[in-house]
Engineer: 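The structure that follows is given in the form of structure tokens.
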Amino acid sequence: SFVGSAKDSDVAIIEGQGALLHPVSTATLPLLRGSCPTDLIFCHKAHIDALKDYPEIKLPPLKDFLELYQNLSSVMGTFPMPQIAAVHLNTTVLEDPEAYRCCEQLQNELGIPVVDLLRMDPSPVIARLLC
């Protein structure tokens, strides 16, 4: 079973589904709570301020959103607080120079690695996870 394999492993990678603020996604909260994560890699799309199919649902500031994920994962401090290890920024809508600039700006703002893991060097994220 998954629980047995995760229990016997040093690392368990759990892919999330949806987002906490998405009105039809119910999978994210149980995944956060059930996995008791120590580290989170937050996935976000570059240059969006609202949900794609729900433009009336505006995204909160990313720093606040990251804190929400941490607080919900720890049940407001009842369990150990996971660290936000990195942000995977989906930059498919951007050309390379703008994608790198966007990641750098967000990294400076948040103080954690921000990369597009599909087109950029993942070593900053890996290093952060291994520390």
Side-chain angles (χ1 to χ4, degrees):
S1 75
F2 172 77
V3 173
S5 65
K7 180 177 150 193
D8 299 331
S9 300
D10 291 334
V11 175
I13 297 173
I14 301 163
E15 182 222 358
Q17 298 289 323
L20 286 173
L21 58 76
H22 199 286
V24 298
S25 175
T26 59
T28 303
L29 188 56
L31 280 172
L32 284 173
R33 288 300 321 117
S35 64
C36 295
T38 57
D39 299 90
L40 297 170
I41 297 174
F42 191 84
C43 299
H44 186 62
K45 288 184 181 176
H47 293 318
I48 63 164
D49 62 355
L51 293 183
K52 177 182 165 189
D53 295 329
Y54 301 90
E56 69 280 6
I57 299 177
K58 303 298 181 196
L59 299 179
L62 193 54
K63 189 171 183 84
D64 295 344
F65 210 21
L66 297 176
E67 288 176 11
L68 174 65
Y69 271 79
Q70 285 180 297
N71 284 322
L72 288 174
S73 296
S74 73
V75 189
M76 301 303 292
T78 302
F79 299 108
M81 182 76 71
Q83 78 166 348
I84 304 292
V87 171
H88 159 64
L89 190 64
N90 178 338
T91 62
T92 56
V93 298
L94 307 175
E95 297 295 325
D96 275 353
E98 188 179 2
Y100 280 91
R101 202 170 28 256
C102 192
C103 286
E104 182 179 358
Q105 178 183 354
L106 196 52
Q107 182 170 300
N108 290 339
E109 179 184 323
L110 299 173
I112 57 174
V114 176
V115 298
D116 184 329
L117 292 168
L118 300 178
R119 74 194 284 189
M120 298 173 184
D121 178 10
S123 59
V125 177
I126 295 166
R128 173 105 172 165
L129 288 171
L130 295 177
C131 69

Engineer: Do you know the tightest heavy-atom contact between Leu62 and Leu110?
Structural biologist: CD2-CD1, 3.9 Å

Engineer: Report yes if the side chains of Leu40 and Leu32 come closer than 4.5 Å at any heavy-atom pair, otherwise no.
Structural biologist: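 With C-beta onward as the side chain, the pair touches.
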
Engineer: Heavy atoms only: give me the nearest Pro55-Ala50 pair and the separation to one decimal.
Structural biologist: O-CB, 3.4 Å

Engineer: Is there any side chain to side chain donor-acceptor pair (under 3.5 Å) pair reaching into residues 119-131, and which pairs are they, with sequence neighbours excluded?
Structural biologist: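 Qualifying pairs: Gln83-Arg128, Thr91-Arg119, Asp96-Arg119, Asp121-Ser123.
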
Engineer: Which other residues end up in the same hydrophobic cluster as Ile126, if Ile, Leu, Val, Met, Phe, Trp and Tyr are linked when side-chain heavy atoms come under 4.5 Å apart?
Structural biologist: Leu130

Engineer: Listing request: all salt bridge (charged side-chain N to carboxylate O under 4.0 Å, His left out) pairs with a residue in residues 60-76, at least two apart in sequence or in separate chains.
Structural biologist: none

Engineer: Going by side-chain heavy atoms closer than 4.5 Å, which hydrophobic residues are tied to Leu118, directly or by a chain of links?
Structural biologist: none

Engineer: Linking I/L/V/M/F/W/Y whenever their side-chain heavy atoms sit closer than 4.5 Å, directly or via other members, would Ile84 and Val125 fall into one cluster?
Structural biologist: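 Different clusters.
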
Engineer: Just to verify, what does Ser35 make a side-chain contact (heavy atoms from CB on, under 4.5 Å) with, not counting sequence neighbours?
Structural biologist: Ile14, Pro37

Engineer: Could you name each residue pair satisfying side chain to side chain donor-acceptor pair (under 3.5 Å) that touches residues 106-115, not counting sequence neighbours?
Structural biologist: none

Engineer: Write out all pairs satisfying ring-ring contact (aromatic ring centres under 6.0 Å, His included) with one or both partners inside residues 72-114, taking only residues at least two apart or from two chains.
Structural biologist: none

Engineer: Show me the pairs that pass ring-ring contact (aromatic ring centres under 6.0 Å, His included) and involve residues 12-61, at least two apart or across chains.
Structural biologist: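 Counting only pairs at least two positions apart or across chains, the ring-ring contact (aromatic ring centres under 6.0 Å, His included) contacts touching residues 12-61 are His22-Tyr54, Phe42-Phe65, Phe42-Tyr69.
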
Engineer: Are Leu89 and Leu117 linked, directly or through intermediate hydrophobic residues, by side-chain heavy-atom contacts shorter than 4.5 Å (ILVMFWY only)?
Structural biologist: no

Engineer: Do Pro60 and Leu68 come close enough that some side-chain heavy atom pair is under 4.5 Å?
Structural biologist: no

Engineer: Looking only at heavy atoms, what is the nearest atom pair of Ser74 and Pro80, with distance?
Structural biologist: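 Heavy-atom minimum between the residues: CB-O, 3.7 Å.
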
Engineer: Starting from Leu94, walk the hydrophobic network (Ile, Leu, Val, Met, Phe, Trp, Tyr; side-chain heavy atoms closer than 4.5 Å) and list everyone else you reach, by chain and number.
Structural biologist: Val93

Engineer: Supply the atom-to-atom distance Met81 CE to Asn71 CG, rounded to the nearest 0.5 angstrom.
Structural biologist: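 Rounded to the nearest 0.5 Å, the CE-CG separation comes out at 4.5 Å.
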
Engineer: Taking a hydrophobic cluster as the set of Ile, Leu, Val, Met, Phe, Trp and Tyr residues connected by side-chain heavy atoms closer than 4.5 Å, whether directly or through intermediates, do Val115 and Leu129 fall within one such cluster?
Structural biologist: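 Val115 clusters together with Leu129.
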
Engineer: Shared ILVMFWY cluster between Val87 and Leu51, side chains joined below 4.5 angstrom?
Structural biologist: yes

Engineer: Looking at residues at least two apart in the chain, or sitting in another chain, which of them share a side-chain contact (heavy atoms from CB on, under 4.5 Å) with Leu29?
Structural biologist: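 Expected list: Leu20, Arg33, Leu72.
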
Engineer: Using the salt bridge (charged side-chain N to carboxylate O under 4.0 Å, His left out) rule, collect all pairs that involve residues 41-55, keeping only residues at least two apart or in two chains.
Structural biologist: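 Those involving residues 41-55 do not exist here.
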
Engineer: Is there a continuous path of hydrophobic side-chain contacts, each under 4.5 Å between heavy atoms, that joins Ile41 to Leu66?
Structural biologist: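 Different hydrophobic clusters.
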
Engineer: For Pro30, which residues count as a side-chain contact (heavy atoms from CB on, under 4.5 Å) partner, sequence neighbours excluded?
Structural biologist: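 Expected list: none.
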
